[in-house]
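Take a look at the structure below.
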There are 2 protein chains.
Amino acid sequence: MSEVEPRTEAGDVLTEVIMRTFRLYGGFLEAAEVMTKPVGLTAAWWQVLGAVLRQPLPVSGIAREMSLTRQSVQRIADLLVAKGLAEYLPNPAHKRAKLFRPTEAGYAAVSSLAQAQHAFTNRISAQVDPDDLRTTLKVMERLVEALDADEWPTGDA
Amino acid sequence: MSEVEPRTEAGDVLTEVIMRTFRLYGGFLEAAEVMTKPVGLTAAWWQVLGAVLRQPLPVSGIAREMSLTRQSVQRIADLLVAKGLAEYLPNPAHKRAKLFRPTEAGYAAVSSLAQAQHAFTNRISAQVDPDDLRTTLKVMERLVEALDADEWPTGDA
DNA sequence: GTCATTTTGACAGCACACTGTCAAACAACG
DNA sequence: CGTTGTTTGACAGTGTGCTGTCAAAATGAC
């Protein structure tokens, strides 16, 4: 019936790349957990707090900026407030959408994390060829574009 | 007090790579969901079923092979059996650790997924330079190694 | 063979992200 | 104005992964 899709060489390489992507995701996430633990945060909290270092934003705005759902961010934001790492400010422009921003303690936590993060990226990046690393970044950016643009063929439409 | 960790250029590139890793992870995962949906699977189910195509394994064996916890795999395995896509066989070598393997329906589902997967990787990989893609794979493998080998400096131990 | 250790499945609970639904607040239009 | 559509937060539920605990089965040391 349907034609068999032949495997291309580049396709096979990409398959390997995808598997490494999953492993690296896990590894980087673990590294983030290790870094955040001493500070009393989690990777997810770090991410949310980091989105609001420069200017306060409503929860829905953070979600938009990070391509997450409002609900996910809301949950974490409430937890951060409960821990005293962030606070809600009344929003003159919108009665429901309170503005979210770190407290002093929140800023302090993120600052110390920046230290750990630089140590980490310096340490790991020193183990690969700089030019190859740049090439990798270029390819990954291209792949992100390709994924975003990819129209999912609806099977047999 | 403590010295400020200087940011290296390679470190900054790696930071960008990490962010792309997270985006690609999300993109590839979404692609997997899109591919599996028509077949009535999920990405996680696909992964578990795929681990046992060649030979039956106990749940704990699958978990070891995929670096997941027994519990996660167990949950999915039970669901696959409930859906008729896999089955448990008595294990002569171990009374509790039943052998897990796909049913005919399970094999059929995975086969059709292989088709979709090849179409996908062919399509996406065609949009990047083949040599650069190989370089990327090489770098990612190196990064995986570096992460595995990285000793987490225990703060101030 | 006996006993301590490890492996295994079962069960319970937590973190994170998702979807869906609802009502309040806002924005745009006639 | 009022009506309609969108945005927002609150609430409920799902899927996936994790940790932790327990008892049965298997393994290894003696």
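Each chain gets a letter, A, B and so on, in the order its sequence line appears, and its residues count up from 1. Since the structure is predicted, the reported quantities are computational estimates derived from the model, not experimental observations.
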| field | Atom of B:Phe100, atom of B:Ala86 and distance for their closest heavy-atom approach | value | CZ-CB, 3.3 Å
| Which atom of B:Arg70 lies closest to which atom of B:Val59, heavy atoms considered | O-CG1, 3.7 Å
| Of the residues in residues 17-26 of chain B, which ones touch DNA chain C at a heavy-atom distance under 4.0 Å? | none
| said: So, applying side-chain contact (heavy atoms from CB on, under 4.5 Å) with B:Pro102, which one of B:Leu85, B:Val48, B:Leu53 is it? | reply: B:Leu53
| B:Lys37 with B:Glu33: basic N within carboxylate O range, under 4.0 Å | no
Polar pairs (N or O, both sides) under 3.5 Å between protein and nucleotides 15-19 of chain C?
from   : atom 1 : to      : atom 2 : distance (Å)
C:dC16 : OP1    : A:Thr42 : OG1    : 2.8
C:dC16 : OP2    : A:Arg75 : NH2    : 2.7
C:dC18 : OP2    : A:Thr69 : N      : 3.0
C:dC18 : OP2    : A:Thr69 : OG1    : 2.9
C:dC18 : OP2    : A:Ser72 : OG     : 3.0

| query | B:Leu49 CG to D:dT16 P: how many Å, rounded? | reply | 13 Å
| field | Set of ring pair (Phe, Tyr, Trp, His ring centres under 6.0 Å) partners for B:Tyr25, sequence neighbours left out | value | A:Phe22, A:Tyr25
| request: In whole angstrom, give the distance that lies between atom CG of B:Leu99 and atom C1' of C:dT7. | output: 15 Å
| request: Rounded off to whole Å, could you give me the CD-to-C1' distance for the B:Gln74 and D:dG17 pair? | output: 15 Å
Review item, nucleotides 25-27 of chain C N/O atoms under 3.5 Å of protein N/O:
from   : atom 1 : to      : atom 2 : distance (Å)
C:dC26 : OP1    : A:Lys95 : N      : 2.6

| d(CG, A:Leu29; P, D:dG17) in whole Å | 13 Å
| message | Between the side chains of A:Glu145 and A:Arg142, is the shortest nitrogen-to-carboxylate-oxygen separation below 4.0 Å, so that they form an ion pair? | response | yes
| task | Quick one: do A:Thr42 and A:Ile76 satisfy side chain to side chain contact (heavy atoms under 4.5 Å, CB included)? Show the steps, please. | result | CA-CA 10 Å; A:Thr42 70; A:Ile76 293 170; over 6 Å; no
| request: Flag the pair A:Asp148 and B:Arg23 as a salt bridge only when some basic side-chain nitrogen lies within less than 4.0 angstrom of an acidic carboxylate oxygen. | output: yes
| Whole angstrom value for the distance that separates P of D:dG20 from CZ of B:Arg70 | 12 Å
| request: Decide yes or no on side chain to side chain contact (heavy atoms under 4.5 Å, CB included) for A:Leu113 and A:Trp46, but give the supporting numbers first. | output: CA-CA 8 Å; A:Leu113 279 177; A:Trp46 185 10; 3.6 Å; yes
| query | Given atom NZ of B:Lys98 and atom P of D:dA25, what is their separation to the nearest angstrom? | reply | 13 Å
| said: Measuring to OP1 and OP2 of C:dT8, would you say a side-chain N or O of B:Arg64 lies under 4.0 angstrom away? | reply: yes
| message | How many whole angstroms separate atom CD1 of B:Ile62 from atom C1' of C:dT8? | response | 13 Å
| query | What pairs of residues pass the side chain to side chain donor-acceptor pair (under 3.5 Å) test when at least one of them lies in residues 95-105 of chain A, not counting sequence neighbours? | reply | A:Glu87-A:Arg101
| task | Sequence neighbours left out, what passes ring pair (Phe, Tyr, Trp, His ring centres under 6.0 Å) with A:Tyr107? Give chain and number order. | result | none
